[in-house]
Trainee: 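The structure follows.
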Amino acid sequence: MTTVPNLKPPAQVAGLTTLDKNLFKKNITVPCLILKNVKISSVLPFVKNYLLKIENFKPVCNVTTGESHVYFNPEIIGAFSDLPPETQKLLNDLCVQLELKPLTLNYENFSIEGVFRAVLPPNVEGMSSFTKVGHIVHVNLREHLVPFKDIIGQVLFDKVPNCRTVVNKVGSIDNTYRNFQMEVLRGENDTQTHVRENKCVFEFDFAKVYWNSRLCTEHERIVNMIESGDVVFDVFAGVGPFSVPLARKKCQVFANDLNPESFKWLNHNFKINKVGENYFKSYNKDGREFILGEVKELLPKFSAKNVFILMNLPALAVDFLTTFVDLFSNDELPEFGKHPVVVVYCFAKGEDFINIAKKSLCEKIGRNVEEKITDVFRVRTTAKFWSKITYGNEKIPALALNPKNSVMGKNKKKLNSVFKVAGAKSLKLKAKAKAVKSELKQINNKNKAKITEIDKELVNLQEKVRNSTGDQKKETKNKTKLPSRQNVTKEVGEKSQDTLKQLNAMQL
Ligand SMILES: C[S@@+](CC[C@H](N)C(=O)[O-])C[C@H]1O[C@@H](n2cnc3c(N)ncnc32)[C@H](O)[C@@H]1O
């Protein structure tokens with residue numbers, strides 16, 4: 001019995017802690033169509049689903065003038081008979097042969113996921129994710145993966161496009177400025193980089209400021225939610241992922257960050273994105289001071305406008321809400337035409353994250369403002385989510401619900417769908433989904449061949465039954481029940497359905 005060659009790296013790479021590319025060498029045999037004086041375009045549409053798609057390999061190539069080779073994925077097509085009959089007929093008519101060709105797979109042919117799956121220990125949480133910030137690839141290695149940091153750094157450095165530096169987070173991110181200690185695993189010790197987000201460029205030193213590329217969807221959501229002409233107080237602005245695009249779309253932005261490095265890059269980013277000076281002002285203060293100072297002073301001036309107060313510091317922002325309590329005395333209380341909207345980010349661990357968040361908010365503020373919370377949304381599945389509240393002209397500074405102005409309400413559909421995308425973004429889930437999808441594809445391809453086989457057998461069977469009934473044709477007519485194609489193929493289809501169900505369960 002011949003075994004189907006698999007496209008995984010050889011078993012000997014399991015447990016490697018430093019990269020030895022030679023150990024990834026693997027000889028396999030692959031079915032290959034030999035086209036002599038036959039145009040590739042006349043065959044390709046019929047075989048494109050079976051091509052050998054691996055990294056740094058061209059499955060279709062011209063070998064000499066008049067001869068081309070088309071390599072198939074051996075996990076899908078093992079022999080000529082695995083192809084659908086109409087394709088077999090076409091290839092026969094064109095005198096195209098299928099041969100088994102030797103092929104050497106190398107380190108370059110394996111994907112990042114493929115390498116990590118083969119090298120890293122099984123049955124423990126693997127290298128499920130890395131993020132790219134400009135030229136920097138950033139990982140957060142759990143303890144059990146630390147012995148593999150050399151090979152992990154090398155593989156990412158080799159295989160992530162445009163990567164010049166691989167860093168690993170060391171220590172936790174609980175410092176004031178939310179940046180983290182990092183060690184360079186591979187490449188240049190250069191952490192100054194630039195990224196593009198929301199049609200803006202952001203430059204910063206990744207080692208000295210906070211930046212999280214995974215918040216890109218959330219940044220975009222907020223930027224889309226706020227309209228040109230609105231007023232924004234960005235209490236924890238960082239290097240400007242909310243403030244810069246909002247000022248660029250002609251919102252009036254007041255951006256603040258306590259970290260002098262963030263403040264420096266924030267100003268730089270306003271500049272390089274050519275934001276008009278009329279549209280932004282920046283501050284390097286403690287958030288509380290900013291609220292008690294600039295926010296309090298300027299709110300009355302903008303009482304007729306849509307005002308948004310953004311507070312993205314999930315670990316602490318809720319504590320800062322107390323600053324709004326008694327912000328204005330009764331005499332000072334502005335007549336708000338439109339109530340300001342406070343967007344607060346926080347962490348909530350637990351199934352019932354909405355109530356956990358609401359409760360913690362009320363506890364911090366010291367009064368029950370639950371009814372005044374217009375929405376609670378999960379931003380990321382790390383149990384981080386954000387709630388949005390509006391505050392207004394009750395005896396202040398109570399936090400007041402203003403559902404009519406609820407931007408969330410308007411964008412609910414969009415926001416929900418954003419959440420789904422964010423959920424599916426987990427690399428682990430994506431990888432699983434990809435594997436299931438490819439399994440489904442393989443099953444479908446095999447099913448096609450099987451269904452055609454069944455069709456053939458059915459025709460034979462029907463023929464036999466007809467012949468054997470011979471003279472008794474009349475009597476047996478309507479009594480001889482021939483197996484229907486639907487019944488026979490149902491069984492084959494059930495496996496595909498199971499796989500489909502798995503995909504649906506992943507909500508992709
Ligand atoms: C989680 S980051 C968010 C940055 C940015 N808004 C974003 O979405 O990427 C929080 C920011 O708050 C700043 N920060 C921390 N404590 C602060 C405080 N007490 N006052 C003002 N800013 C503070 C940090 O320097 C950091 O840039």
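Note that ligands are numbered from 1 as they come in the structure, with each ligand's atoms numbered from 1 the same way. Computed over heavy atoms, backbone and side chain alike; hydrogens, waters and symmetry mates excluded.
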Trainee: Side chain, backbone, both or neither: which part of L316 has a heavy atom under 4.0 Å from ligand 1?
Mentor: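 Answer for L316: neither.
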Trainee: Is there a polar contact, in the sense of an N or O pair closer than 3.5 Å, between D286 and ligand 1?
Mentor: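 Indeed, backbone or side chain, D286 has an N or O that close.
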Trainee: Under 4.0 angstrom from ligand 1, any heavy atom of F320?
Mentor: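 For ligand 1, residue contact (heavy atoms, under 4.0 Å) with F320 is present.
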Trainee: For N189, I'd like to know if atom CG has over 12 heavy atoms of other residues, nucleotides or ligands within 6.0 Å.
Mentor: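 Counting neighbours around CG of N189, 12 or fewer heavy atoms of other residues, nucleotides or ligands fall under 6.0 Å, so no.
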Trainee: For atom 24 (C) of ligand 1, which of the options N259, D257, V209, V235 provides the nearest non-hydrogen atom?
Mentor: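 Shortest heavy-atom distance from atom 24 (C) of ligand 1: D257.
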Trainee: State whether a side-chain donor-acceptor pair under 3.5 Å links Y283 with E289.
Mentor: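 No, E289 and Y283 have no side-chain donor paired with an acceptor closer than 3.5 Å.
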Trainee: Could you check which of S243, P241, G238 puts a non-hydrogen atom nearest to atom 9 (O) of ligand 1?
Mentor: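 Closest candidate by heavy-atom distance is P241.
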Trainee: Might you work through the salt bridge (Lys or Arg N to Asp or Glu O under 4.0 Å) test for D150 and R186, ending with a clear yes or no?
Mentor: CA-CA 8 Å; D150 189 41; R186 203 86 205 175; 3.5 Å; yes
Trainee: Would you tell me which option among D319, V239, N312 has the nearest heavy-atom contact to atom 3 (C) of ligand 1?
Mentor: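 Looking at heavy atoms only, the winner is N312.
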Trainee: Find out whether the Lys NZ or Arg CZ of R196 is both under 6.0 angstrom from the six-membered ring centre of F202 and within 45° of the ring's axis.
Mentor: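 The answer is no; the distance or angle limit is not met.
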Trainee: For ligand 1, does H219 get within less than 4.0 Å through its side chain, its backbone, both, or neither, judged by non-hydrogen atoms?
Mentor: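 Looking at H219 and ligand 1, just side chain atoms fall under 4.0 Å.
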Trainee: Please identify which atoms of ligand 1 are closer than 4.0 Å to at least one heavy atom of Y210.
Mentor: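 Those of ligand 1 that fall under 4.0 Å from Y210 are 1 (C), 2 (S), 3 (C), 4 (C), 9 (O).
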Trainee: Would you kindly specify which portion of Y283 sits under 4.0 Å from ligand 1, judged on non-hydrogen atoms: side chain, backbone, both or neither?
Mentor: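 Looking at Y283 and ligand 1, no heavy atom falls under 4.0 Å.
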Trainee: Out of all atoms in ligand 1, which are within 4.0 Å of some heavy atom of L313? Include the element for each.
Mentor: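 In order of numbering, the contacting atoms are 10 (C), 15 (C), 16 (N).
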Trainee: Identify the closest protein heavy atom to atom 20 (N) of ligand 1: which residue and atom is it, and at what distance?
Mentor: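 Checked against all protein heavy atoms, atom 20 (N) of ligand 1 sits closest to G287 N, 2.8 Å.
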Trainee: Considering residues at least two apart in sequence or located in another chain, which fulfil the side-chain contact (heavy atoms from CB on, under 4.5 Å) criterion with K264?
Mentor: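 In terms of side-chain contact (heavy atoms from CB on, under 4.5 Å), with neighbours along the sequence ignored, K264 is linked to E261.
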Trainee: Counting from 1, what ligand 1 atoms have a heavy atom of K285 closer than 4.0 Å?
Mentor: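 So the atoms of ligand 1 that pass are 20 (N), 21 (C).
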Trainee: Less than 4.0 Å between a side-chain N and a carboxylate O, is that true for K169 and E183?
Mentor: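 Looking at E183 and K169, the cut-off is not met.
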Trainee: Salt bridge or not for E294 and K281, using N-O below 4.0 Å?
Mentor: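 Looking at E294 and K281, the cut-off is not met.
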Trainee: Does NZ or CZ of R221 lie under 6.0 Å from the centre of the six-membered ring of F377, at an angle within 45° of the ring axis?
Mentor: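 Relative to the ring axis of F377, which defines the angle, R221 lies inside both limits.
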Trainee: Using a strict 4.0 Å threshold on nitrogen-to-oxygen distance, state whether K305 and D230 make a salt bridge.
Mentor: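 Between D230 and K305 there is no salt bridge, as every charged N stays at least 4.0 Å from the carboxylate O atoms.
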Trainee: What protein heavy atom lies closest to atom 23 (C) of ligand 1? Include the residue and the distance to one decimal.
Mentor: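 In this structure, atom 23 (C) of ligand 1 has F236 CD2, 3.5 Å as its nearest protein heavy atom.
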Trainee: Which of the numbered atoms in ligand 1 are below 4.0 angstrom from a heavy atom of N256?
Mentor: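 Near N256, meaning under 4.0 Å from one of its heavy atoms, ligand 1 has 21 (C).
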Trainee: Are more than 12 heavy atoms, taken from residues, nucleotides or ligands other than K250, located less than 6.0 Å from that residue's NZ atom?
Mentor: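 No - once you tally the heavy atoms of other residues, nucleotides and ligands closer than 6.0 Å, there are 12 at most.
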Trainee: Atom 15 (C) of ligand 1: which protein heavy atom is closest, and how many Å away?
Mentor: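 For atom 15 (C) of ligand 1, the nearest protein heavy atom comes out as T176 O, 3.0 Å.
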